[in-house]
Amino acid sequence: MITNAQDDPFLFDDKEEGFTYVRRAPTLRQLAVGFMHWYINLFTSPIFQVYDYLHKNYVKQYVRPPIEYIWKNKYQFMKYGFVASVYVISTVFTATIMYFIIRSCFTVKEHTTVPLYFNFNNQIPKADIELNYGSIVANQPYSVSVDMELPESPVNVDVGMFMINLRVYGDYEESKPILDVSRPCMLRYKTWVMKMIHTIFYAFPSLMGWYEEKQILEVVLTDYFISPKSLSAAKVVVTVNNENLQIYSSEVNFKAKLSWLSYWFQRWPITSYLVGVVILSFFTGSLLLLCGAALYFYIKSKYSSSSSKTFEFLREETDSDISPPPSSRSSLSSARMIKKQTRRLKTVEENDSDSDEELEIDLDVISEEEDSDEKNSTNSVGSSSNERTSVGSSSNLRFRQYRSSSVSR
């Protein structure tokens with residue numbers, strides 16, 4: 001009998017009782033695979049033991065019962081889940097719209113930069129610029145500064161200190177300036193030794209055009225400027241008091257001083273969106289719940305009052321027309337019995353004309369009395385039962401008298 005080497009990896013040749021066992025030696029691959037299985041089981045067996053322990057002691061006791069309950073009532077949970085999902089989606093959608101409305105009301109453009117083009121035809125260089133509508137928000141504090149790019153030329157060095165004047169005008173040209181401020185400015189000083197070192201160090205970048213001998217000056221004119229609502233900023237005039245000044249380029253900057261809410265909206269847009277939507281969803285959700293509860297109770301009270309009124313009305317009509325009270329019902333039943341009996345007597349005594357005439361007269365009298373009894377019973381529903389029973393008894397007495405007279409005839 002030849003066995004498979006995979007079932008019995010240990011090998012040696014043996015002969016017992018006429019049977020030959022052939023056992024082959026395992027290959028290196030089989031040894032490696034067996035070692036890997038043993039090594040993996042060494043670390044995974046505790047994990048499986050912990051899993052079995054948790055599954056027996058906790059999952060079956062605490063997790064499976066609610067899952068089974070949910071599965072049994074899955075259609076009801078689907079209905080409630082649909083209503084809850086519609087409620088959550090509507091709440092989040094409303095909160096998102098409210099968030100963007102609030103953000104548009106509180107956020108402003110932080111940086112407004114306008115280039116300056118100086119006119120050197122006059123004695124004093126002057127730059128006039130028109131501001132776009134809405135570039136400067138009313139009642140919003142701004143920090144105003146002028147950035148100038150000046151070459152390190154001997155002329156600018158000889159100019160030394162110079163003054164920069166800025167004026168902001170409103171919508172009307174004849175109006176007075178909203179802001180009128182002046183600040184001094186000059187190039188930064190360098191010794192001839194620093195100039196030589198700087199020139200030698202930046203010689204190659206200067207030859208390649210990667211570097212220029214210039215200075216960028218930022219002059220802060222005011223830290224707090226507010227444009228009033230009645231006269232919004234529309235025009236800016238910048239002047240320099242030295243006509244020999246050489247300027248590469250310049251621009252005026254309006255930097256808004258943001259409040260904490262605007263700063264939060266602009267610096268942290270995603271975080272502010274998540275936090276704002278959560279907070280607004282809580283308020284809108286509670287408001288929707290209150291409105292829904294108020295509407296539900298209002299409709300319920302309205303429907304209950306209307307249904308009670310209609311029920312009372314129908315009950316009165318049925319009591320008066322279809323099903324009268326027991327006291328009046330007895331009188332009506334007695335009158336109906338009288339009619340039936342008189343009709344029978346009329347068929348029996350058809351040959352007697354005198355009796356027929358008397359019967360007709362008596363029937364008319366009885367029908368009139370019955371109609372009057374019915375009217376009295378419907379109009380006096382709230383009267384005492386003794387009076388109504390007396391009507392029935394009187395009608396019975398009349399019928400007996402009439403019957404006795406007819407029989408005697």
Side-chain angles (χ1 to χ4, degrees), residues 106-190 212-263 265-267:
F106 282 93
T107 55
V108 295
K109 189 177 180 180
E110 187 176 1
H111 293 280
T112 301
T113 302
V114 182
L116 298 174
Y117 302 100
F118 287 94
N119 186 5
F120 286 87
N121 293 328
N122 300 325
Q123 294 181 357
I124 298 175
K126 182 179 179 181
D128 296 340
I129 54 173
E130 299 289 338
L131 295 176
N132 296 327
Y133 180 78
S135 58
I136 304 298
V137 182
N139 293 334
Q140 171 65 38
Y142 286 92
S143 175
V144 185
S145 62
V146 174
D147 296 341
M148 302 184 72
E149 187 177 357
L150 305 176
E152 293 180 342
S153 61
V155 176
N156 287 340
V157 174
D158 293 337
V159 167
M161 187 74 67
F162 58 92
M163 296 294 293
I164 300 174
N165 179 261
L166 182 137
R167 294 181 182 180
V168 180
Y169 292 91
D171 297 332
Y172 305 99
E173 295 181 355
E174 298 178 356
S175 62
K176 294 181 180 179
I178 302 173
L179 178 66
D180 187 359
V181 62
S182 297
R183 291 290 183 270
C185 184
M186 68 175 295
L187 289 174
R188 294 181 181 86
Y189 174 74
K190 291 181 181 180
E212 294 180 357
E213 294 181 354
K214 64 181 181 181
Q215 292 185 16
I216 298 175
L217 303 178
E218 182 180 1
V219 183
V220 179
L221 299 174
T222 180
D223 288 332
Y224 196 82
F225 164 65
I226 295 178
S227 177
K229 285 186 177 180
S230 60
L231 196 64
S232 60
K235 184 179 179 181
V236 177
V237 178
V238 180
T239 58
V240 179
N241 66 344
N242 196 321
E243 60 182 1
N244 296 323
L245 186 66
Q246 297 176 349
I247 302 171
Y248 280 156
S249 63
S250 62
E251 59 186 14
V252 61
N253 297 320
F254 292 89
K255 184 178 180 181
K257 291 189 173 182
L258 303 175
S259 60
W260 66 272
L261 195 58
S262 300
Y263 183 85
F265 285 149
Q266 294 191 10
R267 292 292 187 275

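Just so we're clear, the structure is a prediction, and the values are computed from it rather than from any experiment. Position 1 is the first residue of the sequence; numbering continues from there. Computed from heavy atoms alone, side chains included, the values below leave out hydrogens, waters and symmetry copies.
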Measure the spacing between [atom1] of [X] and [atom2] of [Y] and express it to the nearest 0.5 Å.
| X | Y | atom1 | atom2 | result |
| --- | --- | --- | --- | --- |
| Leu221 | Leu166 | CG | CG | 5.5 Å |
| Ile129 | Tyr117 | CD1 | OH | 10.0 Å |
| Gln123 | Asn242 | CD | CG | 12.0 Å |
| Lys214 | Ser153 | NZ | OG | 13.5 Å |
| Phe265 | Trp260 | CZ | CH2 | 7.5 Å |
| Phe254 | Ser135 | CZ | OG | 7.5 Å |

Would you check if [X] and [Y] make a side-chain contact, meaning some heavy-atom pair closer than 4.5 Å?
| X | Y | answer |
| --- | --- | --- |
| Leu258 | Gln266 | yes |
| Lys126 | Val237 | yes |
| Pro177 | Val168 | no |
| Lys190 | Gln215 | yes |
| Pro141 | Phe225 | no |
| Ile226 | Tyr142 | no |
| Tyr169 | Ile178 | no |
| Glu251 | Val146 | no |

* Report the C-alpha separation of Val236 and Arg167 in whole Å, then their side-chain angles, then the decisive distance to 0.1 Å, and conclude whether the side-chain contact (heavy atoms from CB on, under 4.5 Å) test is met. => CA-CA 6 Å; Val236 177; Arg167 294 181 182 180; over 6 Å; no
Considering non-hydrogen atoms only, spot the tightest contact between [X] and [Y] and give its length.
| X | Y | answer |
| --- | --- | --- |
| Asn156 | Gln246 | OD1-N, 2.9 Å |
| Cys185 | Ile164 | CB-CD1, 4.2 Å |
| Ser143 | Val220 | OG-CG1, 4.3 Å |
| Ile136 | Ser227 | CG2-CB, 4.0 Å |
| Asn139 | Pro228 | OD1-CA, 4.3 Å |
| Tyr248 | Leu150 | CD1-C, 4.4 Å |

* Can Thr222 and Leu179 be said to form a side-chain contact (heavy atoms from CB on, under 4.5 Å), step by step? -> CA-CA 9 Å; Thr222 180; Leu179 178 66; 3.9 Å; yes
* Verdict with reasoning, Val144 to Asn253, per side-chain contact (heavy atoms from CB on, under 4.5 Å) -> CA-CA 6 Å; Val144 185; Asn253 297 320; over 6 Å; no
* Ser262 backbone acceptor or donor facing Thr107 side chain under 3.5 Å -> no
* Lys257 atom NZ, over 12 foreign heavy atoms within 6.0 Å -> yes
* Evaluate whether atom CZ of Phe120 has more than 12 neighbouring non-hydrogen atoms of other residues, nucleotides or ligands under 6.0 angstrom away. => yes
* Using only heavy-atom distances, determine whether the side chains of Asp180 and Asn165 contain a donor-acceptor pair under 3.5 Å. => yes
* State whether a side-chain donor-acceptor pair under 3.5 Å links Glu149 with Ser249. => yes
* **Pair Glu152 + Arg188: basic N to acidic O under 4.0 Å** => no
* To do: Give the intermediate values and the outcome of side-chain contact (heavy atoms from CB on, under 4.5 Å) for residues Thr113 and Val252.
  => CA-CA 6 Å; Thr113 302; Val252 61; over 6 Å; no
